[in-house]
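Taking it in order: structure first as structure tokens, then the write-up.
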Amino acid sequence: MEDFTERVVKLLKEVPAGTVASYGQIARLAGNARAARQVTRILHSMSRKHGIPWHRIVNAKGEIVISDGETAFEQEERLRDEGVPVIGGKRVDMERYRWDPGFDGEEW
DNA sequence: CGAATGACAATGT
DNA sequence: TACATTGCCATTC
């Protein structure tokens, strides 16, 4: 049993390229359905310097809602590069590219 | 230790 | 679809 943060980081690394996952989805898989906001904090804080694929994480509607314009743009570019079309500069087809883990809550 | 904070979510209008 | 509200909870101050 690790900290919520640790688990979130692990889950993020499990997200395959070409798919996107929502903050809430990650939070739920990590064990806390309501800790979506912590996932945001973790990403904002850990991201770059920790080799975490933060760009595959968008909000529940499949939109990029990052407050920092530059970071948001980088995410958009990376997603396109992985095969995920970004509509209107900030949206992806959630139904189609949503990450679908085979399990429900990691490997327990 | 109490209050503020946030790359969100869910619901209502 | 867009905007406003309210709820949430770990981390920071």
Side-chain angles (χ1 to χ4, degrees):
Chain A
M1 185 61 171
E2 306 123 307
D3 289 304
F4 176 77
T5 308
E6 296 288 321
R7 309 184 69 196
V8 170
V9 173
K10 282 190 177 182
L11 285 167
L12 291 175
K13 292 180 179 176
E14 296 298 314
V15 182
T19 67
V20 297
S22 70
Y23 298 89
Q25 184 180 0
I26 295 298
R28 191 171 52 222
L29 291 174
N32 266 319
R34 284 141 205 175
R37 309 195 74 155
Q38 281 53 261
V39 177
T40 44
R41 183 179 280 288
I42 293 167
L43 258 64
H44 191 168
S45 188
M46 308 283 200
S47 64
R48 300 181 183 268
K49 304 160 188 169
H50 293 256
I52 297 171
W54 54 273
H55 57 270
R56 299 190 194 136
I57 311 302
V58 291
N59 71 8
K61 303 188 191 75
E63 302 177 308
I64 295 173
V65 289
I66 299 175
S67 54
D68 182 54
E70 297 177 52
T71 309
F73 181 72
E74 187 181 335
Q75 171 170 21
E76 179 190 329
E77 266 195 332
R78 292 198 180 194
L79 286 177
R80 283 214 188 107
D81 190 57
E82 293 186 346
V84 181
V86 178
I87 306 164
K90 57 169 70 176
R91 300 180 82 165
V92 302
D93 190 331
M94 252 309 198
E95 295 305 300
R96 209 185 270 290
Y97 300 96
R98 178 165 127 326
W99 176 40
D100 178 29
F103 46 84
D104 174 42
E106 215 167 354
E107 69 258 290
W108 29 16

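From a predicted model like this one, the values you see are computed outputs, not experimental measurements. A note on names: the letters A, B, ... follow the listed sequences, proteins ahead of strands, and every chain is numbered from 1.
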Notebook entry, point to check: Which atom names give the shortest non-hydrogen contact between A:Met94 and A:Val58, and what distance separates them?
Noted result: CE-CG2, 4.0 Å

Check: Nearest-Å distance, CG (A:Leu43) to C1' (B:dC8)?
Finding: 11 Å

Item checked: Minimum heavy-atom distance between A:Val15 and A:Ala21, given as atom pair plus value -> CG2-CB, 4.5 Å

Item checked: Minimum-distance nucleotide to A:Ala36 side chain [options: B:dA7, C:dA10, B:dA9] -> B:dA9

Next item on the list: Tell me which of A:Arg34 and A:Lys61 sits closer to the 5' end of DNA chain C, going by the nucleotide each one is nearest to.
Entry: A:Lys61

Item checked: Shortest non-hydrogen contact between A:Ala27 and A:Ala35, atoms and distance -> CB-C, 3.7 Å

Check: Quick one: is C:dA2 close enough that its OP1 or OP2 comes under 4.0 Å of any side-chain N or O from A:Arg91?
Finding: yes

Next item on the list: Grab the NE2-P distance between A:His44 and B:dA7 for me, whole Å please.
Entry: 5 Å

Under 3.5 Å between N/O atoms: give me all the protein pairs with nucleotides 11-13 of chain C, atom names plus distance.
unit_1: C:dT11; atom_1: OP1; unit_2: A:Thr5; atom_2: OG1; d: 2.9

Notebook entry, point to check: Which part of the nucleic acid, if any, lies within reach of A:Arg37 when heavy atoms closer than 4.0 Å are counted: base, sugar-phosphate only, or nothing?
Noted result: base

Next item on the list: Determine the minimum heavy-atom distance between A:His50 and A:Met46, stating which atoms define it.
Entry: CD2-O, 3.0 Å

Next item on the list: Please report, rounded to the nearest Å, how far the C1' atom of C:dC9 is from the CD1 atom of A:Ile26.
Entry: 17 Å

Next item on the list: Measure across A:Leu12 and A:Pro53 and return the closest heavy-atom pair with its distance rounded to 0.1 Å.
Entry: O-CG, 3.2 Å

Check: Could you state the CD-C1' distance from A:Gln25 to B:dA10, rounded to the nearest angstrom?
Finding: 16 Å

Margin query: Check whether A:Asn32 reaches the backbone of A:Arg34 with its side chain - one donor and one acceptor, N or O, closer than 3.5 Å.
Written below: no

